[in-house]
Protein chains: 2
Amino acid sequence: MELKIETEEKILQAAKTVFQQKGFDGCRMQDIADEAGINKALLHYYFRSKDRLFDAVFKDAFRKFFPKVQEIMASDITLEKKLESFIDKYMDLLIDNPMLPIFILNEVNRNPEKITEIINLQVINPNLLFGSIIKEIENGSIRKLDPRHLIISIIGMCIFAFAGKPIIKNFLLNNSEEEYLLFISQRKKEITELVLKSITNIK
Amino acid sequence: MELKIETEEKILQAAKTVFQQKGFDGCRMQDIADEAGINKALLHYYFRSKDRLFDAVFKDAFRKFFPKVQEIMASDITLEKKLESFIDKYMDLLIDNPMLPIFILNEVNRNPEKITEIINLQVINPNLLFGSIIKEIENGSIRKLDPRHLIISIIGMCIFAFAGKPIIKNFLLNNSEEEYLLFISQRKKEITELVLKSITNIK
DNA sequence: GTCTATATGGCGATAGAC
DNA sequence: GTCTATCGCCATATAGAC
């Protein structure tokens, strides 16, 4: 029935919202039922247990956490453009899903074994990007650096602006939501500038 | 009595360990009692409630999360040396407390009001560092940039190496703990290099 | 498929003996 | 100060009517 599918989708959507907000341990099945506007028993009818419902949500979120960068990386633009494009797309993703980083990082640290299962589903090929970077190093067009560290640095700079929101807001921005939004809107440019400056080969 | 103090300290130590590992919601009073090698009722005898015990642990952790940088920033060394010294000390702190970032970030996001209470205890003066940076910009010795973004970038780069450990290990380092430790040991130098390159004023 | 009612277990907290 | 035993509640999960 269409109604069946609609309900299942409604549950997944509600679960996504509540799990991301409160985390697995802090979330109650009742919270999800309320958010979905249905009864608690229906959750178990569709997903059998809290764990299974969580898995469905988590796998989706985890996939999203790693943006589709294959097209960017495979394309024929300069490394600078690739990095700029990556930061641009990743920040957009985080703006739309501000709780995603803290959600993923938290669950993955509380339950590190889980990630090992998921990795099999998730075919990520960092070598495409790494190859791009190494080539530029050999060209001499950027300075010698470890591509893995560069990527981790970029992701860290993007993520912390969101995972650290309450801290940033309080200590740096007078606890003003408005100033925080402004800060986030500047962030793309600031990160891109920082990264591009940092990889230049001028001594 | 000395015994009293010893027990209280034992509880705090155990609570710190377990809360950081599992988070407030995922942690059970029984877990802490086990870790401390005492009875569950004793926890309530000393700290009355889970909330109060958590507050004691959290305040301590939060204070630690912001390293004492006053001396560094107030000293008479170059900005480059200041940043290098900050990264050095902060990374050392995180190496000793690898779960600290995910713990703080998680709790602060789940309960953003809490930070507003704590901020009153915590006198942080970012202006000391910011002033240092702004002066160098006016000197023309570093490029024009927003000091706030620079700091958030540095902290993000440091933190993500730890908060993202399971992900980094799995996707970048063949799930090898040994390689991860190596990666962390290189990280100080990589971040410092990246930061110092990024702020230079050469076009 | 969706609901109400309930079983079952676990957790925070307290009472009370020693 | 430290323990055992227990209360009272709340969360997951199921039974069963509609």
Side-chain angles (χ1 to χ4, degrees), chain A residues 1-61 99 103 106-107 110-111 113-114 117, chain B residues 1-61 103 106-107 109-111 113-114 117:
Chain A
M1 310 298 169
E2 293 110 280
L3 268 185
K4 187 186 179 295
I5 293 174
E6 203 179 275
T7 303
E8 192 170 328
E9 198 45 52
K10 223 164 46 179
I11 293 175
L12 276 172
Q13 195 55 45
K16 182 189 146 183
T17 304
V18 181
F19 274 133
Q20 291 206 10
Q21 200 67 38
K22 307 192 175 189
F24 179 81
D25 292 322
C27 157
R28 307 287 155 232
M29 292 297 264
Q30 187 63 56
D31 300 334
I32 299 174
D34 292 347
E35 176 78 22
I38 55 154
N39 193 274
K40 203 175 47 164
L42 259 194
L43 300 180
H44 289 94
Y45 176 78
Y46 279 98
F47 290 92
R48 272 227 357 212
S49 73
K50 187 183 178 184
D51 275 284
R52 283 171 188 254
L53 178 52
F54 179 79
D55 278 358
V57 170
F58 184 76
K59 276 178 192 160
D60 237 48
M99 290 297 280
F103 173 64
N106 188 46
E107 302 301 339
R110 302 308 182 199
N111 204 348
E113 320 83 50
K114 189 165 282 176
E117 306 166 26
Chain B
M1 309 297 170
E2 294 112 279
L3 268 185
K4 188 184 177 299
I5 292 173
E6 203 178 274
T7 303
E8 192 169 329
E9 198 44 53
K10 223 163 47 177
I11 292 175
L12 277 173
Q13 195 54 43
K16 183 189 146 185
T17 303
V18 180
F19 274 133
Q20 291 208 10
Q21 199 68 38
K22 307 192 174 190
F24 179 82
D25 292 322
C27 157
R28 305 290 155 231
M29 292 299 263
Q30 188 63 56
D31 300 335
I32 300 175
D34 292 346
E35 176 79 21
I38 55 155
N39 193 275
K40 200 175 56 165
L42 260 194
L43 300 180
H44 289 93
Y45 177 78
Y46 279 97
F47 290 92
R48 275 229 350 214
S49 73
K50 187 184 178 183
D51 275 284
R52 283 172 187 251
L53 178 52
F54 179 79
D55 277 358
V57 169
F58 184 76
K59 275 179 191 159
D60 238 49
F103 173 64
N106 188 48
E107 301 302 337
N109 272 283
R110 302 310 180 199
N111 204 350
E113 320 83 50
K114 188 164 281 174
E117 306 167 25

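Here is the naming used below: chain letters follow the sequence lines, and residue numbers restart at 1 for every chain.
Residues I32(A) and F19(A) are in side-chain contact: their nearest non-hydrogen atoms beyond the backbone lie under 4.5 Å apart.
Looking at the side chain of R28(A), the nearest of the listed nucleotides dG12(C), dA11(D), dT2(C) is dA11(D). With dG1(C), dA15(D), dA13(C) as the candidates, the nucleotide lying closest to the side chain of A41(A) is dA15(D). For Y46(A), the listed nucleotide lying nearest its side chain is dT2(C); candidates were dC3(D), dG1(D), dT2(C). Comparing dT4(D), dT12(D), dG1(C) against the side chain of N39(B) picks out dT4(D) as the nearest. Here dG12(C) is the nucleotide among dT2(C), dG12(C), dT2(D) with the atom lying nearest to any side-chain atom of M29(B). With distances taken from any side-chain atom of K40(B) to the nucleotides dC3(D), dA13(C), dC3(C), the minimum falls on dA13(C).
Summarising the geometry, atom NZ belonging to K40(B) is positioned 10.5 Å from atom CG belonging to D31(B); distances are rounded to the nearest 0.5 Å.
The backbone N or O of F58(B) sits nowhere less than 3.5 Å from a side-chain atom of K16(B) that would complete a donor-acceptor pair.
Judged by distance alone, the side chains of E107(B) and N111(B) never bring a donor and an acceptor atom under 3.5 Å apart.
If you measure from atom NZ of K50(B) to atom P of dG12(C), you get 5 Å, rounded to the nearest angstrom. In this structure, D34(B) atom CG and dT2(D) atom P are separated by 17 Å, rounded to whole Å. In this structure, the CZ atom of F47(B) is 13 Å from the P atom of dA13(C), given to the nearest Å. With rounding to whole Å, I32(A) atom CD1 is found 13 Å from dA11(D) atom P. Between L43(B) atom CG and dT14(C) atom C1' the separation is 14 Å, expressed in whole Å. Regarding R48(B), its CZ atom lies at a distance of 7 Å from the P atom of dT14(C), rounded to whole Å. Separating the CG atom of L42(B) from the P atom of dT2(D) is a distance of 5 Å, rounded to the nearest angstrom. Protein atom CD of Q30(B) is 11 Å distant from nucleotide atom P of dT4(D), rounded to whole Å.
Contact between the side-chain N/O atoms of H44(B) and the OP1/OP2 oxygens of dT14(C) is not found at any separation under 4.0 Å. Taking only side-chain nitrogens and oxygens, S49(B) never comes nearer than 4.0 Å to OP1 or OP2 of dG12(C).
Salt-bridge formation is detected for the pair D55(A)/K114(A): a Lys NZ or Arg NE/NH1/NH2 atom is positioned less than 4.0 Å from an Asp or Glu carboxylate oxygen.
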